[in-house]
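What follows is a short report on a single structure.
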Amino acid sequence: MAKVAIVTGGGQGIGEGIVRQLAKDGFTVGVADLNEDNAKKVAESVGNGSKGYFVDVSKKQNLIDLVSQVTSDLGDLDVMINNAGIAKIGQITETSEADLSQILDVNIKGAFFGIQAAADQMKKQGHGGKIVNACSIAGHEGFELLGAYSATKFAVRGLTQVAAKELAKDKITVNAYCPGIVLTPMWDQIDAEMAKIYDVPVGASLQRTLIQLL
Ligand SMILES: NC(=O)c1ccc[n+]([C@@H]2O[C@H](COP(=O)([O-])OP(=O)(O)OC[C@H]3O[C@@H](n4cnc5c(N)ncnc54)[C@H](O)[C@@H]3O)[C@@H](O)[C@H]2O)c1
């Protein structure tokens, strides 16, 4: 029987890329996203019995329900990719309480709840599993205008290390990927907002950041 994976934020960008690779590797994928239409389109296009689902990862019950629905539809959960995330651009002194709360809810609580829901299911199944979280280069170094985002990614790195230590006895591995720049809709948004703040043309902030990273 095909192995089963869930990818949150699988409707576009890096998550969609992960779904496509997992499907090529023979997985049946539960593609989950706030944008259910995108999730369904991606799932249909990769085949393998993959299905699209709505999820808001900032809500714990949504993740519990997602894992329960996917395992009922597709079978035991082997891999959980907590990929969904958002960016907020702006100086720390200019960041609103609402923006800070939203990014903490999606990026930190989303990964935390995803680990909890997947680990509960994998422990019940009794044959281990793999949990993978989206961190970032911003989880290793702070970059100007990415204060809130960077805080969330440092947090994801920390909770990934703790979860890996706590879940090893259940044969559940927990890891994270830390990309630099990946040209997804998230980077279009980052570049457009930096263009406004720095009063530079669209594309200039991306070039500047690429040069900084080289
Ligand atoms: N693009 C990059 O350069 C880059 C670099 C490092 C890390 N990352 C991380 O990789 C992950 C994916 O980034 P991306 O560039 O593909 O972003 P993206 O904005 O292109 O796609 C993110 C997806 O997550 C979904 N999403 C947003 N909030 C959600 C929520 N509350 N519940 C469920 N789904 C939600 C969106 O609908 C979207 O489909 C993020 O965690 C991001 O922080 C991206």
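Note that ligands are numbered from 1 as they come in the structure, with each ligand's atoms numbered from 1 the same way.
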message: Looking at Arg20 and Glu16, is there a salt bridge between them, counting it only when a charged N and a carboxylate O are closer than 4.0 Å?
response: yes
field: All side chain to side chain donor-acceptor pair (under 3.5 Å) counterparts of Lys123, not counting sequence neighbours
entry: none
Side chain to side chain donor-acceptor pair (under 3.5 Å) partners for Gln102, two or more places apart: Lys88
field: Co-members of Ile14 in a cluster of I, L, V, M, F, W and Y side chains, linked at under 4.5 Å
entry: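 When side chains under 4.5 Å apart are linked, the cluster holding Ile14 also contains Val7, Ile18, Val19, Leu22, Phe27, Val29, Val31, Val42, Val46, Val79, Ile81, Val132, Tyr177, Val182.
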- prompt: Near ligand 1, which residues have a heavy atom under 4.0 Å away from one of its atoms?
  reply: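 Near ligand 1, by chain and number: Gly9, Gln12, Gly13, Ile14, Asp33, Leu34, Val55, Asp56, Val57, Asn83, Ala84, Gly85, Ile86, Val106, Ala134, Cys135, Ser136, Tyr149, Lys153, Pro179, Gly180, Ile181, Val182, Thr184, Pro185, Met186, Trp187.
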- prompt: Ignoring hydrogens and geometry, is there a side-chain-to-backbone donor-acceptor pair from Thr95 to Leu100 under 3.5 Å?
  reply: no
field: Qualifying residue for side-chain contact (heavy atoms from CB on, under 4.5 Å) with Ser58, from Asn62, Val55, Asp56
entry: Asp56
